[in-house]
Each structure stands twice: as C-alpha cells, then as structure tokens.
Amino acid sequence: MKFRLKITIFMLWLLAIAFGIGGSLLITLGFTGNFQHEMQSALNSYRMVLNTLHVVYEAGPVPDHSNLSNALIQMYNQDGGGWSAIRLGDNESVLYEDNPIGADLNTPLETENGVAEVSVIKDADGRRHIRISAGLTAANDELRLDQCYDISGIYAQRSEQILIYRRVFLVVVIISAILCWVLAYWLTKPLSSLSKASKRFASGELSYRAEVRSNDEVGMLTRDFNAMAEKLQQNIATIQESAAQQEIFMGNFAHEMKNPMTSIIGYAELIRAQMLDEKEQMDAANYIFSEGKRLESLSLKLLNMLDLKKNEIKLQPAKPAQVVGSMVQHLERVYLEQGIVLRCRCEDGWCMLEPDLVRSLLVNLIDNARKAMDKGGNIYLMSQMTDEGCRIKILDTGRGIPDEEIEKITQAFYRVDKSRSRAQGGVGLGLALCNEIVQLHHGSMKFESRIGNGTCVTVELKGGRI
C-alpha cells in the first residue's frame, strides 16, 4: 500500500470518527432536551388537571364522583389539554375514560406517597406516549388519574435528523476522501520526486538532483539527499581520478623501467658474447653502470614516497633560516662551477619542522631550478616567518613552465621536457616527493612561471609557530 493511500485512509478514518461522534452527540443532546421539555410540559398539564379535580371535589355540594367526571369531561372537550388518552377511576371501576390510542391504562403504575409515576409507552401504531399516573382521594375513595401525552413528534424529529445526518455524513465522507487524497498527493509528491532522483542516481546519472519544493521536513530530507549525492559524486570523481592517476603511474613506471632494463640486458648480452673490443666493453659497462644508478635513484625515491605516506613524522623546533642557509652554503660552490649563483635572504625565527625532510625538499626544488637553466643563471632563496610557520620561496632565471603544465608537474613521473629531463638524470619524482613533504607539514606549494623569465615556487609550511 502506498504511503499517500495510508495517509488518506488514516485522515478519513479520523474524520469519520470525529464527525460520527460529534453528530451523534448533537442529535442525542437535542433529543434529550426536547424529551425533557415535553416531559415537563406533560407534568405541568397533569398537575393542573389534578389540582382542578381537587378544587372541584372540595367545592361540590354533594360528595359524589359526578362532579369530578363532569369537570374532567368539560376540560377535555375544551382543548383536550394535549392529552392522547385519559382514565379516572380505581382498579375495578372507571368514572371517565377516553382512550383512542388503545393504551393499557388499567394496570396501575407503582407510586410512592401519591407521587406521580412516569413511563413511556407505545400504542398499536408504534407511536410513543408519556403516561403519568398518580392517586386522587375523592369521597373517601382512593381513585387514580392516568393521562397519556403524545411525544411521537420528537421521536419522528430524531429519526428525520438521523436520516439527514446519514446523508450528510455520506456526502462529507466522499468530499473528504477526495480532499484527503489531493492533500496526501500534494504532501507525498516531493517524496515521489526524491524516489525518482534516487533511482536515476542509482542508474548512473550522478549529476541528477531532486527538486526542493518546501522548507519542511520533506524539504530538509531532499536537501540532505542532494548534499549526499553531491558528496558521493565528488568521492566517485576522486576515486576515478585516483584510479586514472594510478594507471598513469603504473604506465610511467613500467616505461621508466623498460628502457634502462632493455639497454642493460642488451649490453650485458654483448659483453657475455665477447663480441666487443676493450673500449666498447668499457663503454658498455659505463652505460650499464649509469642506467643502474638511475634505477637505484628511482627505487630510492619511490621508497621515500612510500615511507612518507605510511609513517607519521614528528615535527620539532627549528630555524628555517638556518636550514635554508646551510643548504645554500653546501651547494653554492658546486653550482657556481656550472655558472649558477645561489643567493638567500632569510628571516630569523623558530617554527615546527622536520629539518631532514625540509632539506630534501630544498634539494629537489633547487635541482629542478638548475635543470631549467641551459647556460647558467641565478637562483634566489627566501624564508619568511608566518603566523602558522614559515614561507620559503625559490626563484630562478630559467626557461619557465607553460601554464598548461603547472597543474601536472607534481604528478609522479611527469616531466615538462621529457627528453631533456631524462638526459639530465631526472625520473619525474622530485616534485611528487616535495608535494608529499609539504602535505606532511600541513602546507601548500604554489608555482608561478613565465616562459623565458623563470619560475617562482612558494612553499607554505604550517607546522606551527614558536
């Protein structure tokens, strides 16, 4: 059973109970009020007749019953007093009786101390009457006055009200069922939209979103679903991107391994076959040695990246100026031989670092700057203290990096100039390793470059300021 049908049935059920109880209560209260009114009218009329008979008896010159019956006939002939039947007499004889409805007036009602007893009786036609009976003392005889009053009108009115109520109830139920269905449809329509969105999302339409139609709980549920779908789409995109990067990584790794291994195996096979002279053998051995060193460098950098991802580092207080200055002092003579001038300007201060990893970061960034220069140049290093740690900038006067390449240069095995980088001994892991080091320091690395004017690398290390 659908939820909107459940809502319709439940609302209709509540409405039917409320309307049924309310209508029945109103009819019952109305009938009870009318009945009490008729009862009081009958009692008042009965008391008036009874009092009149007492007065007639006490005023009569002869103490017999003829005065009573004559007075009763006279009152009944005038207007009937609203009576439907009357009897005056004792249990054995009748002084006066007019009983067109055929009521059993001979059977006395139980009375206590002459107090009138009241009951409701039915005639042969099923009409209801109030019968009132009380004792009357006349001429030393105990008489009984019984009167019946027709109250079938209030029962007929109640039956008519019940009939009208049933017809109105039926119409109200039908109209209410239609309105409840429309209301339930309107309330559950957002749920149908949400169900449609979930099915389309499950079928692969990750960009599909449900329409938010209200600010109630259903609207909140729709917004939460859309937020979940958005997050899930982002996660799937991240997974797909990660899988693509892993596939590229494996392809690049296999390519980097294939070329040197092929060369090593080929030259080793020539040496084993003794088909080379002494000079050719030395050239082959040198090539095998250089390719072996390159593979060794590749494996070491891969191991370093894996270690950085698996192990947590412990930051310690250090001076960035001291780390940068010592690195420049260590490398400036070697670089000066290649026509490259290293200069630094450092701001004094303490922050939380892992000095060995920062040195590795600087070595790779300075080495990349060196590879970007064909005929020498300048490399500038600056360190500044920040509220969260320190900022290190490396500027060079090299070839620069195209804008479309900047976003890719931190990927493993990626090289802007593949032939030049391979000739210079690069394997495309330096910046990937740098990126891992920066992430471990909760920082960021930004590249700004112009073709022919050089590159500026800004490294933010946010391990904390002391």
Side-chain angles (χ1 to χ4, degrees), residues 1-41 120 122 126-128 150-243:
M1 182 182 295
K2 290 188 176 181
F3 184 58
R4 63 183 56 165
L5 183 58
K6 291 181 180 179
I7 294 178
T8 303
I9 294 176
F10 181 73
M11 293 175 64
L12 194 61
W13 179 69
L14 286 180
L15 184 64
I17 291 179
F19 190 78
I21 294 176
S24 300
L25 186 61
L26 287 175
I27 292 175
T28 301
L29 290 176
F31 172 78
T32 302
N34 291 335
F35 184 84
Q36 294 295 334
H37 177 73
E38 292 292 332
M39 178 72 73
Q40 191 62 44
S41 297
V120 177
K122 282 185 178 183
R127 298 169 62 87
R128 289 179 174 81
D150 187 2
I151 58 171
S152 58
I154 62 174
Y155 282 91
Q157 183 181 8
R158 185 181 69 170
S159 299
E160 184 178 358
Q161 288 176 347
I162 292 175
L163 181 62
I164 295 174
Y165 166 73
R166 288 175 179 174
R167 293 173 180 174
V168 172
F169 181 80
L170 180 61
V171 173
V172 169
V173 167
I174 294 174
I175 296 176
S176 299
I178 297 174
L179 294 177
C180 289
W181 172 258
V182 173
L183 179 62
Y185 179 82
W186 178 73
L187 290 174
T188 58
K189 190 174 181 179
L191 295 178
S192 300
S193 176
L194 188 60
S195 175
K196 178 183 177 182
S198 63
K199 290 178 181 178
R200 296 185 63 171
F201 191 84
S203 65
E205 295 184 44
L206 302 183
S207 61
Y208 189 83
R209 299 291 182 268
E211 182 181 355
V212 179
R213 299 176 181 270
S214 61
N215 293 322
D216 55 9
E217 289 80 359
V218 178
M220 293 174 58
L221 177 62
T222 305
R223 281 190 290 270
D224 292 341
F225 173 83
N226 289 338
M228 179 197 68
E230 185 69 25
K231 187 65 176 178
L232 186 58
Q233 184 181 9
Q234 293 175 0
N235 292 340
I236 292 175
T238 302
I239 293 173
Q240 291 175 343
E241 182 180 358
S242 177

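Numbering starts at 1 and runs along the sequence shown.
- Shown here are the side-chain contact (heavy atoms from CB on, under 4.5 Å) partners of T32, two or more places apart in sequence or in another chain: T28, Q36.
- Residues I178 and W181 are not in side-chain contact: their nearest non-hydrogen atoms beyond the backbone lie 4.5 Å or more apart.
- Side chains of I162 and R158 form a contact here, defined as non-hydrogen atoms less than 4.5 Å apart.
- In this view, F225 satisfies the ring pair (Phe, Tyr, Trp, His ring centres under 6.0 Å) rule with no residue, not counting sequence neighbours.
- Residues forming a side-chain contact (heavy atoms from CB on, under 4.5 Å) with S152 (at least two apart in sequence, or on another chain): R127, D150.
- Pairs engaging residues 191-200 under the salt bridge (charged side-chain N to carboxylate O under 4.0 Å, His left out) rule: R200-E205 [sequence neighbours left out].
- Among residues two or more places apart in sequence or in another chain, the side chain to side chain donor-acceptor pair (under 3.5 Å) test is passed with R209 by E230, Q233.
- Applying the side-chain contact (heavy atoms from CB on, under 4.5 Å) rule to I175 yields the partners V171, L179; only residues at least two apart in sequence or on another chain are considered.
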Which atom pairs, one a donor and one an acceptor, fall under 3.5 Å between side chains of residues 8-26 and the rest of the protein, sequence neighbours left out?
unit_1 : atom_1 : unit_2 : atom_2 : d
T8     : OG1    : R4     : O      : 2.8
S24    : OG     : G20    : O      : 2.8

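- For R166, the side chain to side chain donor-acceptor pair (under 3.5 Å) criterion is met by no residue, not counting sequence neighbours.
- In terms of the ring pair (Phe, Tyr, Trp, His ring centres under 6.0 Å) criterion, Y185 has no residue partners (sequence neighbours excluded).
- Contacts of I164 classified as side-chain contact (heavy atoms from CB on, under 4.5 Å), with partners at least two apart in sequence or in another chain: E160, V168.
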